[in-house]
Structure formats: structure tokens, C-alpha cells
Amino acid sequence: MSLSSSSLLSIENLAFERDDSRLFDGINLTVNGGDILQIEGANGSGKTTLLRLLTGALQPSAGRINYQGQPISENRYDYLADMLYIGHQPAVKLNLTAEENLRWMVASAAKSNRVAVADALAEVGLAGYSDIPCYTLSAGQHRRVALARLLISEARLWYLDEPFTAIDKQGVSLLQSCLQHHVAQGGLVVLSTHQDLALNNVRKYNLLSRAEYLV
Amino acid sequence: MSLSSSSLLSIENLAFERDDSRLFDGINLTVNGGDILQIEGANGSGKTTLLRLLTGALQPSAGRINYQGQPISENRYDYLADMLYIGHQPAVKLNLTAEENLRWMVASAAKSNRVAVADALAEVGLAGYSDIPCYTLSAGQHRRVALARLLISEARLWYLDEPFTAIDKQGVSLLQSCLQHHVAQGGLVVLSTHQDLALNNVRKYNLLSRAEYLV
Amino acid sequence: MNLFSDWTWFHRLGSPRWFYQNSGRWLPWLSVVTLVVLATGLVWGLAFAPADAKQGNSFRIIYIHVPASFLALAGYYIMAIAGAVGLIWKMKLSYMVMKSAAPIGAVLTFIALFTGAVWGKPTWGTYWVWDARITSMLILLFLYAGVMALQYAYHSVDAASKAGAILALVGTVNIPIIYKSVDWWYTLHQPATIKLTSAPSMHPDMFQPLLVMIAGFYLFYALVLILQTRNEILRRERNTSWVRELAAAKMTTNTIANEAKSE
Amino acid sequence: MARQMDSGFLAWLRRDLLLAWRRRGEVASPVLFFIMVSTLIPLGLTPESTRLAEVAAGMVWVMALLATLLSVDGLFASDYQDGSLEQMLITPQLLPLPVLGKITAHWLTTGLPLTLVSPLLGLMLSLPAAGFIPLLWSLALGTACLSLIGAVGAALTVSLRKGGLLLTLLVMPLYMPVIIFGSASVSYAIDGINWLPPLAVLGALCAAAVALCPLAVAGALRATASN
Amino acid sequence: MARQMDSGFLAWLRRDLLLAWRRRGEVASPVLFFIMVSTLIPLGLTPESTRLAEVAAGMVWVMALLATLLSVDGLFASDYQDGSLEQMLITPQLLPLPVLGKITAHWLTTGLPLTLVSPLLGLMLSLPAAGFIPLLWSLALGTACLSLIGAVGAALTVSLRKGGLLLTLLVMPLYMPVIIFGSASVSYAIDGINWLPPLAVLGALCAAAVALCPLAVAGALRATASN
Ligand code: HEM
Ligand SMILES: Nc1ncnc2c1ncn2[C@@H]1O[C@H](COP(=O)(O)OP(=O)(O)OP(=O)(O)O)[C@@H](O)[C@H]1O
Ligand SMILES: Nc1ncnc2c1ncn2[C@@H]1O[C@H](COP(=O)(O)OP(=O)(O)OP(=O)(O)O)[C@@H](O)[C@H]1O
Ligand SMILES: [Mg+2]
Ligand SMILES: [Mg+2]
């Protein structure tokens, strides 16, 4: 307890089972401000499940997750307010424009800077697209709308599930520099991706071998 | 005409516009059996649109596409029967099992070998999953169901839109060897992806600069 | 300490394995008692009770109709309470009881409706009227059907249990409202042309076998519920070691028996 | 070629039936839906059987129409979202055949169960005995028309990502003749008039719909869904 | 804390209203649906205005119910598919508040327009003059109940990827009291009886639903959608 209380996020002995079949167990991890943790593992190994456990959307069958030394179930609201999660499905409404989508996400979800919406859209390359409905966007542009949240988010904990999907090379490097900036300011990133990151200081955790190593 | 008639697939002066705004024009390309053509370009540059033009689902606003020297509108049925397209959306029914999905795709779509469904599923790593509904699959497993079509397809023309999305490293190399095998047998692959392929003999076509080069 | 020991029985009761093994011990006794009571009631009611002055022998359907109606109603509350216990104490056994109770209740409701309809033809001259009690019985059938449909629809057992429990609970809040409103609606719209003989001053000779039948139906309900729950336990826990051992033991006794037979 | 046509129709028919079977609750529920809405009507209107009898045939027809509307909406929607519709547009079969396969599956899972359960509804709503046979026949033909016409509306609206209400708006006027002749054949029978002429009209409508609707659907899908 | 609660409710309310506005056709169509079905009823039943008048109030109520059912189905479906629902489950607000926001938006875009257009329907179906005011009031309260109860059904079925028929099965029994008291208050007024008691009951039902349904919806979403 005293050990984990010093770290921002700590996972103790986490296990998850669905309908009596165990997906993983005995996961122990501590992540601090300034860390980028990349969850690795083959398709179906449970990366998404682990991230959703972290968000509190799923309940672990054993073990627990501590935020600032306290179980997240005990200071749930602080934890959620400090968290930003972008999953496989980017939560972009097809009938709304990019700007409306972003504005709404900012209003409803985590701590964010409300003024910078238009700037953020411009930065992810959607400057000319802010007033057309999102269903006319291409696959990558669609994901970029969601990723623009990162540019205005003030949350400390970022959980990103395969954020590089459908993003072109220029976008990937933009996103990586954004992550770098976030951790430089004391934030924390847990992400899953099958691509290798061009960032230093990334810690990798392999779900299958349950081994952690530094890149 | 005589020039293009010698090639399997030739694109002449292709242009596409939506609601009077031009996406691209003047695309000229010839692709032959044994070729892998990678369409490159930033998000929103029109890669998906180009692939869908090739499938005949969209109509070009100018120019034409020839298959074995004839416009595809003239021998539409032969062309479609010889073609396999996997788009951003993998056409996997969530309520069916992987096996049922694959069986149905085989029955309805292009030329395929009907017996090998179970083998194909095993090869893409879904051996134990054949009798559970696809909505319990992970993102990568979900796409693998669609990619299993490649293993049993007898179509010569493969059009793949970002086939590596959500696929892990082992899957990517499996898929690449599958593509290699296909072109070695005289097939043809046109694909879009933002990743670099570890294949020799890939031709790249950049939609933005309209330049083609060999890797 | 005292409190703790108080809770251990509760959690032991919540263990499917404990339930399976103990219910196995009571089952033979329960089935014998049920059989005796039901047989007594049936023979008494069908053969010995006097025929009705107006309806003749067709009234004897009451010995099925009334107990089935009682249990159909009581069964809904049993199901809903089981669901609530599951939601509150996260008890798996309780969800299994809930799931097992739904089809039994639905069948009993259907029997009540069917016997009522069959009885209606000779007494009222029609199979169906929009009487308040009949209508609310039909709605009860829908409520059961909803819980069952949810159980089948979900692939995940966990989600199915919770969804079913929530629906059952919402239904419990609604059942009194539904009954009140239907009652009220009926009395509002039309004068009672035909009414169920309300709490009839029945002859004791007819009434006593009815009481026996009601008791028999309660026992029968309990018996079927336990059997269904045991099946459900085996189905859900088929991957646990104790069910495997049980199956293996069955297999060996069977093969031994077979070998003994063939020799 | 002929083989290919076959396989287009049968493959999609089989798939949609399988999908319906996977969602078994769904297959049973048209029937429950009708029984439930018919419980609703006495509750809303009147429990008196004589007054119910007057509206029974019409109500069964209105319900058949609503049930079709409620379900035809999803005929292409999920296929559009998961990319199956795109695959259908590029199959080497003639598009109207897979379309007809899908519509047939829809009728088999909604119209047919409704038809089969309609005598029970008639009983609950005190329909006079003479009306039962015409009710069965007219529903069998009429629900097929409803599925076919509804499919055209579904195809026109599928790429709009909108709910069923716009669809309602499009197809409701086209449903009018079906419901007029359908309920007429029942009420004729109850009044003792020859009920075959309206039924024959319904048959003719149905034949025309089988011939034309798949073509219209195919055209609509090509025009809108592939954008 | 209070501020956060507010923003949860208002943010989702505003978003769903905006979405409805984007699909403007959609907002108009419950009303059109309503009008269309009421033109259909004389076709299926009887054009005689005296007989229509007898069933008018009940019919308006049955239709309001069906229109709600038709639309409540999609309350969470598109949010589930595009990941918005997952985001809702992890907002720092108390879940029942965003839920109530969504339900309110649903009522504002279906129940309210229906209520406002109901006098027109009353005219079309020859409703006696005494029934108009009670019709308005009872619809206003009743459709709110329908939206709230329907939302529970929608939450229970959202992760099943199924059509509206299963939902119908779940919520129709729960709708019965609403339709009984709703149509009763109108027919009381027509018969010259004091129509306030049934309206009061409807109000009580509505208050209970506002308090309980968002909780049930939140529980259902947590239990099933996050699996
Ligand atoms: C489909 C038609 C019918 C249904 C759904 C039905 C339903 C019910 C129900 C729910 C009860 C139990 C009430 C309680 O627990 O207090 C009951 C009791 C009873 N029913 Fe029926 N019934 C039907 C038809 C009939 C008919 C046709 C008769 C005979 C004329 C009849 C005679 C009785 C009697 C005598 C009782 C028991 C005494 C009482 O509580 O009044 N029922 N029925
Ligand atoms: N249905 C549509 N209606 C209108 N515009 C569209 C539609 N689909 C795509 N577009 C526009 O056409 C352009 C090209 O889209 P396309 O999907 O072909 O891009 P892409 O190269 O595949 O991008 P990505 O790498 O993100 O997949 C984009 O700017 C997009 O906004
Ligand atoms: N809703 C569900 N019901 C049942 N099983 C599920 C469900 N979602 C996921 N699973 C199973 O849980 C396992 C882990 O899934 P998860 O999505 O966490 O994998 P992943 O590591 O994210 O894979 P990918 O790289 O493909 O995204 C998979 O085997 C999957 O089949
Ligand atoms: Mg994943
Ligand atoms: Mg693309």
C-alpha cells in the first residue's frame, strides 16, 4: 500500500474473466507521471479489455486499480474527471460536423480547454472540414476528429486504444509529438498499438509473456 | 487501346468528382498479373475512393477502367466474378459465427474454394472461435475473419483497403506472405496502406504527387 | 464474530455446489410428498367431490385452473426476489433460480389462461372476454416472456442475468399498478356482464380438495424449480472441477452397470 | 449463368434466415407483438366484444402494416453499416436476385408468422366466424406486398442514417391500396358479399410487386448506398 | 458537484437536440407518422364519423404509443455503435443525469410534437369537442411516461443489436397502465365525468417514472452495454 501510494496509477494483481473463462490474471504494474506505457500482445490477448478495466467501464474479477494510492472505486469521480479514453470506436457522431463533435466531447467528458476547438481541428488537418457532416469524411479524417481531443484535453491520464489506426505518416508523427508533450508535462499515457513507436522512454508491457521492458 | 489491351487492368485518365468538387483526375495506371500496387496518400486524398471506383461501386466522372482490354462496364460480370474487395468495413455479421460469416461470403461473392473454410479460419488464428458470435471477437480478430477470405479466394484481382488495420505483427507477416503467394500465381493486388510493406516488387503510386515508383 | 458466522451460512447457501449437493438429498422426499398430495387432490376433486349444481362436471377444471393461477402470480414474485438478491449480493445461484423460475411461471400462466378459456366456452359461451383479471393475466404472461426473451437473447450469462433481474424488478413495481389500472379500466368501461365467481361461498366438499390441490401445486412448483435450477447449475458450472468429477463418477458407474449387464 | 442467379437468391435468403434464427427471440416476437398490440386495442378503445368486432379486421390489418414498417426498416441498415451491402453491390449476380432473397427472408420471418397467428387475434378481438378464412388469405398476400414495397422505402433511406419515421412517410401512401383491399375482403366476407374480387386485386398487386419492387430496390441501392 | 450534475444533463440534452435538428426530417416525421396512421384508420375501419368518434381517443393513444416505440428503439443504438455510449459510461457525472438528458431530448422531439398536433387528429377522427383539452394534457404527461419506460427497454436491449420487436415485447406490458389512464381521461371528459382523477394518476405515474427510470436505465447500461 505504501509502495503503490507513491505512484500515480498502480495495478495490483488484476484478473479478468468473462463467463468463467479467464482472460488474464496477476497483472501488476505501476505507472507514473511522465511514463508512456505500451501494452503489447497478439490479437485477442486482452489489450482492449485491460484498457477498459482501467477506465472503470469493466469490473475486474480480482485485484484492484489504485489512483494516487486509493482504489479507483473510492474516488471514482476525481479519477474519471482526470481521465481521457479513446477506444476502437472513436465516438464521432456521423451526422454532426467535426466542430460540433469536438465541442460536445469537450463539454461532456474530461477536463478540457474549451476555447481551442477550432485550433485543434486545424492542427489535425481538418481546417476546411469543420462545417460538413462527419459521414463525408474519410476513415483517417474520422479518427482525427477524435484525436483532436488530445490537443485540448487537460486530463492527466490518457488511455488510447490503437490511436494510430488509419492515420497517415504525417499524422502519426504529429500524434507522437503530442504524446511526448503530454508526458513532458507530467501526464501519463497507456496505449495499445501493434506499430513500433519512434519515441524514447516508452515502456512496453507484453500481455502474453507478462514481461515489461524499456525500448 | 492496343497498349492497354495487353495488360490485365488499365486505368485511363480517370477522374472523380463529388457534387462538382474534383477529388482527382488524370490517373493513368496499368497493373498486370504479378503486380502489387500500393496506393499512397495522406488521409482524405482519395485512396478509398479510387479502390471503390475500381470495384465498379462508384462511377468515374471521366476516364475509364479496362479489364483484359475491355471497359469493365462491358464485361461487368466476368470482371466482378474475378474480383475480391475488402474495404474499411469488413462485412462481418456480428451475430453470426466466424465460420458462418466466411461460408456465406464464399457462397455469395467471388470465385472461391468452398471446402477450405475451417482451414482458413485456423490459419488466421481463429481455430477455437468458430462457433461463437463475432461480436465477442476483438478488433483484430474481427478483421481476421474478413481476411480469411483471401486464403480461399480464387479471384485474380484483389483490392484491399488498409488490410493491416488492427492486425498484430504475426498477422501482418502472414498477410504479406499471402499476398506474395497470390502474385506469384499470376494474381494482382491493389492495396492502400500507410505502413511500409516488407515485400519486394511492390509498386507505389502516390495519389497526391501522382508519381509512381518501385520500392 | 457472531455476525460473521451469520453470514457464512448465507454465502454457503449462495454456493451452487452446496445447493446442488444438498438439494440432491431432499429431492426424493420432496417428490414423494408432492406426488402423494397431488394424487390425493386430483382423485378427491375429480372423482369424489360433488358435481356443481349449475355447471355440472365442467366445474372440475377449477382444480387445475385456480392453483395454476395462484402459482403463476406467486412465481413472478419468487422470480423477481431471486433477481433482486442476485443484483444486491451478486449471488450466482440466485440468478440461476431466477432464470429457472421464468419458464415455469410462464407455463403456469399459460395453463391458467388455457383452462380459463376452455372453461369459458361452456360457462360464458365464448373463449375470451376482456375481463380485468383475464387481461392482467395475459399481461403477466408477457412479463414472463420478456424475462425469458432476455435470457435467450444475451450470449453472455452475466449480462443476461443482470438484464433479466432489472426487468423483473421493474415488472414488480408495475404489477400492482397494472392490476389496479386494469381493474379500474374494466369497471369504468362496462358493467360486468360476466364475472368470475368471486370468492365463492363454495361448498366445503368442493373447497377442501381445492385446498389440497393448491398445496400440491406449491410443492410441485418447488420441485420443478429445484430440478430446473440443478440443471442450470450443471450447465453453467460444467467447466468446474466438481461437475467434472460428478460427470466422471456417473460415467464410471454407468459403464460398470453396463458391463455388469453384458456379463 | 442460371446457376449463378440461383446462388445469388438462395445465398442471401439462407443468410438472412440464419441471422433471424440466431436472434431467435426476434423470430418469435412478431407473433408476440401482434398479440400484444391486440391486447392494447381493447385497453385503449373498449372491452365490449360487439364494438370490438366492428373494428377487428381493420385493426389486424393496421397492425400487420405497423409490424412490417417496424421491421422492414432494418432490412438493409445493418448490412449498410458493416459493409455487407457494398459487397452485395459488387457481386457478379444480377442485383435484384439477392434483393429478392432478402425480401423473401423478411416475409418468412414477419408476414408469415403474422398470417399464421391471425386467427388467434381474430378470436381475441371477437371477429365473426365468416371472416377467418378471408383474413388468412388476404394477410398472406398482403404482407408479401407490404414487405416488397417496404423494401423500396428501406433502400431509399438506408444511406441517410435515419430512423424508421422517414421510411414510414415514404411507403405509407403506397400501403394504402393494400390495406384497403385487404380489409375489404374481410369485411365483405363478414357482410356476406363475395370476397374474392378484392382478394384477386390483392393477388394482382402482389404479382406486380414481385416483378417490379426488386428492380426498384436494386436501382435505389445503386443510386444511394454507393455514394 | 452541482455544476457537474448540471453539465451532464444539459450537455447530453443539447447534443441530442442538435442531432435531431441535423436530421430535421426526422423531427417532423413523428407528427407525419401520426397523421398518416390516422388517415389509415378510417380506411381500415369505417369512414362513418359517429363510429369513428367512439374510438377516436383510444386510437390517438394507441398511435402515440406506437410512434414512441418506433423511435425509442434508436435512443441508445447509434451511441452504442459509434462508441459514444462507452464515453457516457465513463463520464465523471452521475450516470442517471446524462440518461435523463437523453430521455428529455427524446420526449421533446417525439412526445411534445405529438401532443401539439393531437387536436388536428382529433378533428380528423371527429373527436367530440369536450375531449380536446384532456387529450392535450393526458398526451403531454403520458408520452413522457412512454419515453421514460421505453428507455429502460432500449437500455436492456441495446447491446443485442436487434430490431425493435424484442423491445416491444419488453415494454408493451409496462405501457398498459399509461394507455388505460390516458384514454380514460379523454373518454371521461366526453362522457361528462370529472376527468381529473385519471389525469392525476397519470401525473403520479409520470413522477414515479422520472424518479425511477433513469436509475433503471443506468443500471441496465452498466450491466449490459459495458460487457
Ligand atoms: C382465460 C380465462 C381466465 C383467466 C385468465 C382466469 C384467471 C384467474 C386468476 C388469475 C385467478 C386467481 C385469482 C386470485 O389469485 O385471486 C382465477 C381464479 C378463479 N377463476 Fe379464473 N380465469 C379465467 C376463466 C375462468 C372461468 C371461465 C371461470 C369459471 C366460470 C373461472 C373461475 C375461477 C374461479 C372460481 C377462481 C377461484 C376463486 C376466486 O379467486 O375468485 N375462471 N382465475
Ligand atoms: N460519402 C461522401 N460524401 C462526400 N464526400 C466524401 C464521401 N466520402 C469521402 N468523401 C471525401 O472524399 C475525400 C476522399 O475520401 P477517401 O475516403 O477516398 O480518402 P482516403 O484516401 O481513403 O483517406 P483515408 O486514408 O483516411 O482512408 C475526403 O476528403 C472525404 O472527405
Ligand atoms: N463482449 C465480449 N464478450 C465475450 N468475449 C469477448 C468480448 N469482447 C472481447 N472478448 C474476448 O476477449 C478476448 C480479448 O479481447 P480484446 O478486445 O481485449 O483483445 P485485444 O488484445 O484488444 O485484441 P486486438 O489486438 O484484436 O484489438 C478476445 O479473445 C475476445 O474474443
Ligand atoms: Mg483491441
Ligand atoms: Mg480510406
Side-chain angles (χ1 to χ4, degrees), chain A residues 16-19 48-49 51-59 67 72 75-97 99-112 114 131-135 142-143 145-146 149 155 157 159 161-162, chain E residues 1-27 74-102 105 109 158-159 161 218-219 221-227:
Chain A
F16 184 76
E17 57 189 38
R18 262 199 199 89
D19 295 333
T48 300
T49 309
L51 284 171
R52 295 184 64 211
L53 282 168
L54 285 182
T55 67
L58 289 182
Q59 297 302 319
Y67 174 59
I72 58 170
N75 56 352
R76 194 178 156 71
Y77 289 96
D78 291 345
Y79 178 63
L80 292 179
D82 235 9
M83 184 190 79
L84 185 149
Y85 168 69
I86 301 181
H88 279 300
Q89 298 298 331
V92 172
K93 279 280 155 204
L94 293 175
N95 280 304
L96 298 184
T97 69
E99 190 170 332
E100 285 163 347
N101 264 301
L102 206 52
R103 252 180 224 300
W104 169 74
M105 286 168 182
V106 169
S108 86
K111 290 178 187 169
S112 304
R114 280 158 194 260
D131 59 346
I132 56 171
C134 283
Y135 64 77
H142 189 225
R143 291 213 47 108
V145 175
R149 287 174 68 185
L157 315 173
Y159 301 143
D161 202 356
E162 305 202 26
Chain E
M1 195 65 199
R3 223 203 66 73
Q4 273 189 354
M5 281 190 192
D6 263 23
S7 81
F9 175 77
L10 284 181
W12 285 87
L13 171 64
R14 226 181 282 130
R15 184 190 78 136
D16 273 24
L17 287 180
L18 182 64
L19 269 172
W21 175 245
R22 276 285 165 286
R23 311 181 298 176
R24 243 152 301 174
E26 201 67 347
V27 182
L75 189 56
F76 300 111
S78 83
D79 283 352
Y80 181 71
Q81 273 163 9
D82 65 20
S84 308
L85 194 62
E86 196 166 34
Q87 294 289 339
M88 182 162 104
L89 292 178
I90 60 170
T91 46
Q93 289 103 23
L94 290 173
L95 191 51
L97 287 169
V99 165
L100 191 60
K102 281 187 77 70
T109 51
V158 64
S159 67
R161 283 151 257 259
L221 289 178
R222 281 216 196 285
T224 65
S226 68
N227 219 327

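Chain A is the first sequence line, chain B the second, and so forth, proteins listed ahead of strands; every chain is numbered from 1.
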Region of Gln59(A) that comes under 4.5 Å of a non-hydrogen atom in chain E: neither
Working to the nearest 0.5 Å, report the span between CG of Leu18(E) and OG1 of Thr97(A). 8.0 Å
Leu19(E) versus Lys93(A), closest heavy-atom pair with distance: CD1-CD, 3.5 Å
The criterion is salt bridge (Lys or Arg N to Asp or Glu O under 4.0 Å); which residues satisfy it with Arg15(E), sequence neighbours excluded? Asp79(E)
What's the separation between atom CD1 in Ile90(E) and atom CG in Leu84(A), rounded to the nearest 0.5 Å? 8.0 Å
For the CG atom of Leu85(E) and the CD atom of Gln89(A), what is their distance to the nearest 0.5 Å? 12.0 Å
Min side-chain heavy-atom separation Met83(A)-Pro92(E) under 4.5 Å: no
Just jot down the ring-ring contact (aromatic ring centres under 6.0 Å, His included) partners of Tyr79(A), sequence neighbours excluded, or say none. Tyr67(A)
Shortest non-hydrogen contact between Thr91(E) and Leu80(A), atoms and distance: O-CD1, 3.5 Å
Within this structure, what is the CZ-CZ distance for the pair Arg14(E) and Arg103(A), rounded to the nearest 0.5 Å? 11.5 Å
Between chain E and each of Ala91(A), Pro90(A), Pro133(A), count heavy-atom pairs under 4.5 Å; write down the option with the most. Ala91(A)
For a 4.5 angstrom cut-off between non-hydrogen side-chain atoms, does Gln87(E) reach Met105(A)? no
